[in-house]
Participant: 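So that we are looking at the same thing, I have put the structure below in structure tokens.
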Amino acid sequence: MTTPSFELGPDHLELKSWLHEFAAEVIRPAAHEWDEREEFPWPVLEEAAKVGIYSLDFFATQSFDTTGLGIPVAMEELFWGDAGIGLAIVGTALAAAGVSSNGTPEQVGEWVPQMFGEPGDLKLGSFCSSEPDAGSDVGAMRTRARYDEATDEWIINGTKTWATNGGLADVHVVTAVVDPDLRTRGQASFVVPPGTKGLSQGQKFAKHGIRASHTAEVVLDNVRVPGRCLLGGKEKLDARMARAREGASSSGNASMATFERTRPAVGAQAIGIARAAYEVALDYAKTREQFGKPIIENQAIAFALADMATQIEAARLMVWRAAWLASQGKRFDKAEGSMSKLFAGETAVRVTEKAMQILGGNGFTREYPVERMARDAKIYTIFEGTSEIQRLVIARTISGAPIR
């Protein structure tokens, strides 16, 4: 077991420095343009691929870091640069996590590399779980998957929504209902390979924040995928559903397995946004003068910055601990993953809002980046489990009883 440390080692410091330089020199200069355009930032992704950031090797290396800190460190630095572009760079990793969490080693080896491509021939992955009537309530999912034994194919029908890279991706990972009577325990995940007929992009969403990240509906109309595209395989699915019909306990479903794996990483993204806004506010407070002195000499401003710094540090420690627990194969006995995402997400909203307040009228303009950071931060109390859902998960975990 790796002993946790509050001090980053040489490898993590080198990673942090490398990504910080990329974020400062490539991401930040492009952030305003792609936020305004509300388009996927292909040129920035190409630059990330050229230096090895947008690649399977990069995400695999950080994911297998025995300390668990590789992913949080990477996420914080990239999202310190910009959240919209950051999500464009790391959005594929959620689909890769979906395959890794639920697939066989052979499926991981076949599909995950096809989600990244290489410089000059970039590919994307998309994880498709939410639906128009099934967001927080995954048990209300209506997308259906039916097995055609004659052809050894799965036929998928339904509509997914809020899918990062949805319709734009080469490889889609889709969660669908196989047995409606079993609700969440009757669900499974499928890979939809590139060029599969029947899959199309629906509405592309115009969003409040993270505008450089592509978010859209995915429509599945009689989509046929080979039997081998069922993650985990049919034998495992049949056995799991048989146990469910007999009333045996279950370890969870495909969507929840993916989200639980990624929550500390999402928390780290929120910390990157919060830290960026805090740094802008701190620099502004040191140089902006009112009544003959820098505004940081006013106690109200100084105390606000002190609270912002404290909340960021606390959120980072929660994320690092949750990431370390996951890396050691330990269970989140107190819902530490949900705790870290909840606290970091709400910290990002508080800190960015306070940064705007410290900048006053300037903070409300697009001349300064804090208004964009505040818009970006809000999604962290909504996606991959709202703050209310995180509290529900925590309450259920610490009480040992269902909270309705």
Side-chain angles (χ1 to χ4, degrees), residues 1-20 23 53 56-80 86-87 89-90 93-94 96-102 108 112 251-252 256-275 278 309-348 351 380 383-385 387 389-391 393-398:
M1 183 174 66
T2 304
T3 302
S5 173
F6 297 115
E7 184 176 4
L8 295 177
D11 289 345
H12 289 126
L13 290 173
E14 183 179 353
L15 172 69
K16 179 181 173 68
S17 176
W18 173 46
L19 294 177
H20 187 84
I53 295 173
L56 173 57
D57 286 346
F58 174 78
F59 286 103
T61 298
Q62 308 318 319
S63 296
F64 288 113
D65 179 358
T66 56
T67 69
L69 298 185
I71 287 291
V73 168
M75 293 293 179
E76 181 176 336
E77 292 308 317
L78 291 173
F79 283 70
W80 173 88
L87 274 174
I89 293 173
V90 309
L94 179 59
V99 175
S100 300
S101 297
N102 302 294
V108 173
V112 174
S251 59
M256 291 301 101
T258 301
F259 290 139
E260 195 62 24
R261 183 185 179 98
T262 59
R263 274 173 182 155
V266 174
Q269 296 171 9
I271 293 167
I273 300 169
R275 192 184 106 211
Y278 161 74
T310 301
Q311 290 161 8
I312 291 168
E313 291 295 325
R316 184 182 294 113
L317 289 173
M318 292 184 74
V319 164
W320 282 15
R321 179 168 183 262
W324 175 79
L325 287 171
S327 73
Q328 303 305 308
K330 294 179 176 292
R331 292 177 58 85
F332 290 155
D333 291 331
K334 297 183 180 66
E336 288 89 345
S338 292
M339 285 182 174
S340 68
K341 193 269 183 181
L342 169 66
F343 190 80
E346 299 207 340
T347 291
V351 168
Y380 288 86
F383 75 170
E384 291 211 40
S387 289
I389 287 296
Q390 304 306 326
R391 289 186 170 93
V393 171
I394 296 164
R396 284 175 172 170
T397 304
I398 64 176

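All values reported here derive from a predicted model rather than from experimental measurement. Note that these values count all heavy atoms, side chains included, but never hydrogens, waters or copies made by symmetry. All residue numbers in this chain count up from 1 along the given sequence.
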Participant: Could I get the full list of salt bridge (Lys or Arg N to Asp or Glu O under 4.0 Å) partners for Glu313, not counting sequence neighbours?
Facilitator: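 Salt bridge (Lys or Arg N to Asp or Glu O under 4.0 Å) check on Glu313 returns Arg316.
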Participant: Going from CD1 on Ile271 to CD1 on Ile312, what distance comes out if it is rounded to the nearest 0.5 angstrom?
Facilitator: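 Between Ile271 CD1 and Ile312 CD1, I get 8.5 Å after rounding to 0.5 Å.
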Participant: Between Gly337 and Arg263, which heavy-atom pair has the shortest distance, and what is it?
Facilitator: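 So the two residues come closest at O-CB, 3.7 Å.
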Participant: How long is the straight-line distance from CH2 of Trp324 back to OG1 of Thr66, given to the nearest 0.5 Å?
Facilitator: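 Answer for the OG1-CH2 pair, Thr66 versus Trp324, is 11.5 Å.
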Participant: Please evaluate residues Trp80 and Leu19 with respect to the criterion side chain to side chain contact (heavy atoms under 4.5 Å, CB included), reporting the C-alpha separation (whole Å), side-chain torsions for both, the decisive distance (0.1 Å), and the verdict.
Facilitator: CA-CA 10 Å; Trp80 173 88; Leu19 294 177; over 6 Å; no
Participant: How many angstroms lie between atom CD of Glu76 and atom CD1 of Ile71, to the nearest 0.5 angstrom?
Facilitator: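 These two atoms lie 13.0 Å from each other.
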Participant: Would you check if Tyr380 and Thr347 make a side-chain contact, meaning some heavy-atom pair closer than 4.5 Å?
Facilitator: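 When only atoms from C-beta onward are counted, Thr347 and Tyr380 do not touch, as no gap falls below 4.5 Å.
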Participant: Nearest 0.5 Å, what's the CD1-CD1 distance between Ile394 and Ile389?
Facilitator: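 Interatomic distance, Ile394 CD1 to Ile389 CD1, rounded to 0.5 Å: 11.5 Å.
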Participant: Ignoring hydrogens, what is the shortest heavy-atom contact between Ser338 and Val393? Give both atom names and the distance.
Facilitator: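 In this case the closest contact between Ser338 and Val393 is OG-CG1, 3.4 Å.
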Participant: Take Thr397 and Phe332, measure what side chain to side chain contact (heavy atoms under 4.5 Å, CB included) needs, and give me the verdict at the end.
Facilitator: CA-CA 9 Å; Thr397 304; Phe332 290 155; over 6 Å; no
Participant: Mind jotting down which residue pairs meet the salt bridge (Lys or Arg N to Asp or Glu O under 4.0 Å) criterion with at least one end in residues 337-347? Sequence neighbours excluded, please.
Facilitator: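 Salt bridge (Lys or Arg N to Asp or Glu O under 4.0 Å) check on residues 337-347 returns Glu346-Arg391.
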Participant: Phe343: which residues meet the ring-ring contact (aromatic ring centres under 6.0 Å, His included) condition with it, sequence neighbours left out?
Facilitator: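 Testing Phe343 for ring-ring contact (aromatic ring centres under 6.0 Å, His included), a comparison that skips the adjacent residues, returns none.
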Participant: Going by ring-ring contact (aromatic ring centres under 6.0 Å, His included), name the residues that satisfy it together with Tyr278, two or more places apart in sequence or in a different chain.
Facilitator: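 For Tyr278, no residue satisfies ring-ring contact (aromatic ring centres under 6.0 Å, His included) once neighbours in sequence are set aside.
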Participant: For Ala322 and Ser340, which heavy atoms make the closest approach, and how far apart are they?
Facilitator: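 Scanning both residues, the minimum pair turns out to be CB-OG, 3.9 Å.
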Participant: Please report the shortest heavy-atom distance between Phe59 and Ile53, naming the atom on each side.
Facilitator: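 Where Phe59 meets Ile53 most closely, the heavy atoms are CE1-O, 3.7 Å.
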Participant: Once you round to the nearest 0.5 Å, how far does NZ of Lys330 lie from CZ of Arg321?
Facilitator: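 Between atom NZ of Lys330 and atom CZ of Arg321 there are 10.0 Å.
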Participant: Quick check: closest heavy atoms across Ala315 and Ala344, and the distance to 0.1 Å?
Facilitator: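 Of all heavy-atom pairs spanning Ala315 and Ala344, the closest is CB-CA, 4.0 Å.
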Participant: Please identify each residue that fulfils salt bridge (Lys or Arg N to Asp or Glu O under 4.0 Å) with Lys334, with sequence neighbours left out.
Facilitator: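 By the salt bridge (Lys or Arg N to Asp or Glu O under 4.0 Å) rule, Lys334 matches no residue at all.
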Participant: What side-chain donor-acceptor pairs closer than 3.5 Å can you find for residues 8-15, not counting sequence neighbours?
Facilitator:
residue : atom : partner : partner atom : Å
His12   : NE2  : Asp65   : OD2          : 2.5
His12   : NE2  : Thr67   : OG1          : 3.4

Participant: Minimum heavy-atom separation for Val112 and Ala96, please, with both atom names.
Facilitator: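 The pair with the smallest heavy-atom distance is CG1-CB, 4.0 Å.
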Participant: To the nearest 0.5 Å, how far apart are CE in Met75 and CD in Gln269?
Facilitator: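 Result: 5.0 Å between the selected atoms.
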